[in-house]
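Single-structure report; data block below.
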Amino acid sequence: MIRKSNYLTVLVWISVVWKSRPFVPPHLGGNGQGGGRGGKNNGGPPKSFNDDFGGKPHSDGDNFPYLSCNAKANDKIDNNVELRGGSTQEVVSGSKHTLSKTASYWSRLFQTVGYKASKPVQSASNQIKTLLKRKSKEEKEQEALLEELKSTPVAAVSVPNTTVLPPEVINIAAKRSGLLGRPLRYEAVQEMARALKQWYSRKGYVLHSVTGATLRAEDATAVIQVQEPKVSNAPVGITICKEMVVDEDTGNVLTIRQYKERQAKRKVVGYRNIKKSDLNTTYVQTEGRTNPERIANALELKPGKPFKWEPNRWQKVLGSGIFGRVIKASPQRMKDGTVQFHVIATERAPRNLEYGVSKSLYTNSWEGELEFEHGNLLGGGEILGLQVRRGTKDAEPSVKVRYSDSKFGRAGGFDCEAFSDFIADDYTSDNSELDKTSADSEEANEVVMDYDQDVPLGRRGAMFSLQNPISTKMVRHSSASVTLERVTTRTGLHENIGAATLNVGPFRKELPSDARLNILGTVTTGSRLRATDDQEISSAFVGWRMLPYSVVSATTRQVFPLVNNALNGRSLDLALSHSLMTSTPNFPRHEAHKAGIASQVRGYDGHMGSVTTSIKGTTELRIPVPLPTDKLSQDASLVLWTDWRYAKSSRRDSAFSRKSSIGAGVRKSLQGLPLKWDISYTQDGKIKSNLGLGMDFDA
């Protein structure tokens, strides 16, 4: 702080300097006298004030250190009068030059000194005004109120602009942060803000935050301000891009097909083996099929609602396969302050044609399979598919048309299909009685018209399945389906079947040491509707017999890693699988045959008969095997296994039978086909090898 004596010294100094403006600076005036004869402006007067003030030099030869400014403006100077050091003309010329330098000197001096001197003066003036200014009554009351609020304890906490925070969460956060019962402190507000932010994050409100706090004087309430962004009117924005190849010669962007055609015209060697990953590519915006509204519904982002993010929903969208590569996916703030989730991605080709080999669950024979599928029919991941299968001994192909809308895993997803399956098989064991009865009949060509002894030939019908009919809060995964079908036999008999099925699960759980478990349960109830005779029935119910039935099944699977990272990140695993199935009488024959194939034990030829009740267990020890070359993928493994089953045949009064086997097998994928080769030893003492397709079960 500058003292008053210093201010006085500075002011006095400025006054003295200002009054000394007419004087010649000592370094310009020499000793105040003229120099030697013939010298020009050596010690002479400065450049004349004569032009500015009308003064003229004295002619009496007195040595004045300054020029008088009292001469009249009309005084004339005699050019012939000589002064010391030269003529009058020389003196006037020298005076003009000297006065110009003097004015410039003082101008620069006052610019520097005046600026530096004015700062403390101005500061002192402001301080004096502040001291002299009198406070008003209102200002004194406000200061007193502020002092009182600094020591006022907070009685309550309020968050007036929240739409998602429950009152109990606010109260708990206020108590834990120490905000209640104490004066409003910065540390307590920060602690409460941290607690509320944690609650926001747990609930998916990742963009919400606390922005400030104030104390309301009337009721000592701490008012917490929060920011809770709302979803935009267009909740999701999608920019579809396409990866294009940049031509190194022209700089144009081409598709990989166009690029190969251009290279073929240029006769480039090896153009057929060109890979997109080896080329210079870029992304170009293009039109897409995906509907942003469907993605918004899948993410449950609604306009005007607080922005809530759940990663599981987004993972289901990614798992649907509609996007190829997601370049960027993040929320963006719009001009109106709302938030939009914006996606920049490529789309996969929606149309797909596949072919392969599969094994029928009704005939247990290998079938060739051809399937066409459109994976994004209406822009929301809807699937329309056509599948055709046929075995080498099938009299006709099996056809299925399917339309499904999974709604990206949300409740309300459905799947409907129409099917025509060929299910005939040579039931030599089941039809022995039919052959014997036919041989003993009175007429050789007479055929016994009995549905229970005839062989099912085909099934035609429709199925509708609903996804998650049970609330996901109770059961995470569930599905319900209704099937209506008509089954015909080789002799032309037929029956109608209606059934409803509820699937619960699979329930997956992670166990210690990276072990995993899943459980799946199924309950089916239905009825067979059969005509009492072969005559045409006019009524829908009269003359028909209803045969109700029910089926319950459960499957559990566990995988226990015994040695982690045994080979290239793969572990040595112990895998267990157990299943139970039981049914009431009137179980449809083709479904009983399907259940027998599903519970098959390795090492036994053909089907194992139709079953109505079965218990099956499988134990496998999976050992990863290294391959000597790096050209093949390191996915080979050796499997030691054992199978066992207790089952009851669909025949009346049949007892439980037991079958078991042990063996070893090799697993390896070639060209994307999972191959498996097993050699088994059954309880009957038979050794058999089998080559098949398929992945081993997992949990």
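Both backbone and side-chain heavy atoms feed into the values below; hydrogens, waters and symmetry mates do not. Since this is a predicted model, take the numbers as computed values, not measurements.
- Between the side chain of R667 and the main chain of G694, no donor-acceptor pair closer than 3.5 Å is present.
- Shown are V639, D696, L693; of these, the side chain to side chain contact (heavy atoms under 4.5 Å, CB included) with K676 is made only by D696.
- Residues T162 and E228 bring a donor and an acceptor atom of their side chains to less than 3.5 Å of each other.
- Contact between V326 and A329 at its shortest, heavy atoms only, is CG1-CB, 4.0 Å.
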**Study point:** Derivation and outcome, salt bridge (charged side-chain N to carboxylate O under 4.0 Å, His left out), residues E300 and R313
**Key:** CA-CA 9 Å; E300 294 190 5; R313 295 174 183 167; 2.7 Å; yes
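- Counting only distance, with no hydrogens or angles, the side chain of D336 and the backbone of T338 share a donor-acceptor pair below 3.5 Å.
- Interatomic distance, F587 CZ to T613 OG1, rounded to the nearest 0.5 Å: 9.5 Å.
- Closest heavy-atom contact between G381 and N376: N-OD1, 3.0 Å.
- At least one donor-acceptor pair under 3.5 Å links the side chain of S471 to the backbone N or O of K473.
- The backbone N or O of D635 sits nowhere less than 3.5 Å from a side-chain atom of S633 that would complete a donor-acceptor pair.
- Side-chain contact check for S579 and T555: no donor-acceptor pair (N or O, by modelled atom type) lies under 3.5 Å.
- Every side-chain contact (heavy atoms from CB on, under 4.5 Å) that Q190 has, sequence neighbours left out, goes to Y186.
- For the atom pair S478 OG and L502 CG, the distance stands at 7.0 Å (nearest 0.5 Å).
- Pairing each heavy atom of P561 with each of D573, the nearest pair is CA-OD1, 3.4 Å.
- Among residues two or more places apart in sequence or in another chain, the side-chain contact (heavy atoms from CB on, under 4.5 Å) test is passed with S553 by T522, M581.
- The heavy-atom pair separating V601 from W644 by the smallest distance is CG2-C, 4.3 Å.
- Counting non-hydrogen atoms of neighbouring residues, nucleotides and ligands closer than 6.0 angstrom, the NZ atom of K197 exceeds 12 such neighbours.
- Not one N or O on the side chain of N171 forms a donor-acceptor pair closer than 3.5 Å with the backbone of K175.
- For K668, the NZ atom counts as densely surrounded, since its 6.0 Å shell holds more than 12 non-hydrogen atoms of other residues, nucleotides or ligands.
- Taking every heavy atom of both residues into account, R289 and L377 meet most closely at NH2-O, 2.6 Å.
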Check your understanding: Can you check side-chain contact (heavy atoms from CB on, under 4.5 Å) on V317 and F323, steps first, answer last?
Key -> CA-CA 8 Å; V317 173; F323 292 126; 4.0 Å; yes
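- A side-chain donor-acceptor contact under 3.5 Å links S177 to the backbone of A174.
- E293 CD: 12 or fewer foreign heavy atoms inside a 6.0 Å radius.
- Checked by atom type, the side-chain pair Y549/E591 shows no donor-acceptor distance below 3.5 Å.
- Heavy atoms from other residues, nucleotides or ligands lying under 6.0 Å from OH of Y646 number 12 at most.
- L299 is listed as a side-chain neighbour of W309, based on a closest heavy-atom distance under 4.5 Å.
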Under 3.5 Å donor-acceptor pairs involving side-chain atoms of residues 504-519, not counting sequence neighbours:
| residue | atom | partner | partner atom | Å |
| --- | --- | --- | --- | --- |
| R516 | NE | D698 | OD1 | 3.1 |
| R516 | NH2 | D698 | OD1 | 3.3 |
| N518 | ND2 | A699 | O | 3.3 |

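- Residues in residues 363-384 take part in these salt bridge (charged side-chain N to carboxylate O under 4.0 Å, His left out) pairs, two or more places apart or across chains: R294-E382, E367-R389, E373-R402.
- One distance of note links OG of S232 with CZ of F307; it measures 11.0 Å at 0.5 Å rounding.
- In this structure, OG1 on T290 lies 5.0 Å from CD1 on I240, to the nearest 0.5 angstrom.
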Indicate every side-chain donor-acceptor pair of residues 614-621 with a distance under 3.5 Å to a residue at least two apart or in another chain.
| residue | atom | partner | partner atom | Å |
| --- | --- | --- | --- | --- |
| K616 | NZ | Q600 | O | 2.9 |
| T618 | OG1 | D643 | OD1 | 3.2 |
| E620 | OE1 | R622 | NE | 3.0 |
| E620 | OE1 | R622 | NH2 | 2.9 |
| E620 | OE2 | R602 | NH1 | 3.4 |
| E620 | OE2 | R602 | NH2 | 3.3 |

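- Using modelled atom types and a 3.5 Å distance limit, the side chains of T346 and R325 yield no donor-acceptor pair.
- A donor-acceptor distance shorter than 3.5 angstrom exists from the side chain of Q467 to the backbone of R410, with no hydrogens or angles considered.
- For R570 against A636, the heavy-atom pair with the smallest separation is NH2-O, 2.8 Å.
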Exercise for review: Go through H342 and S330 one step at a time and tell me if the side-chain hydrogen bond (donor to acceptor under 3.5 Å, both in side chains) criterion holds.
Suggested key: CA-CA 6 Å; H342 193 74; S330 62; over 6 Å; no
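- Taking CG from L196 and CD1 from I172, the interatomic distance works out to 11.0 Å, rounded to the nearest 0.5 Å.
- Between the side chain of N468 and the backbone N or O of I470, no donor-acceptor pair lies under 3.5 Å.
- For the pair R348 (side chain) and G375 (backbone), a donor-acceptor distance under 3.5 Å is absent.
- Here the side chain of R460 pairs no donor or acceptor atom with the backbone of A418 at under 3.5 angstrom.
- The 12-atom threshold is not exceeded at CD of E287, counting heavy atoms of other residues, nucleotides or ligands nearer than 6.0 Å.
- The distance from the CG atom of L484 to the CG atom of L529 is 11.0 Å, given to the nearest 0.5 Å.
- Under the side-chain contact (heavy atoms from CB on, under 4.5 Å) criterion, P306 pairs with T163, V164, Y205, H208, K230, sequence neighbours left out.
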Practice item. Let me see the working for Q558 and T556 under side-chain hydrogen bond (donor to acceptor under 3.5 Å, both in side chains), right down to the final yes or no. Key: CA-CA 7 Å; Q558 305 92 21; T556 176; 2.7 Å; yes
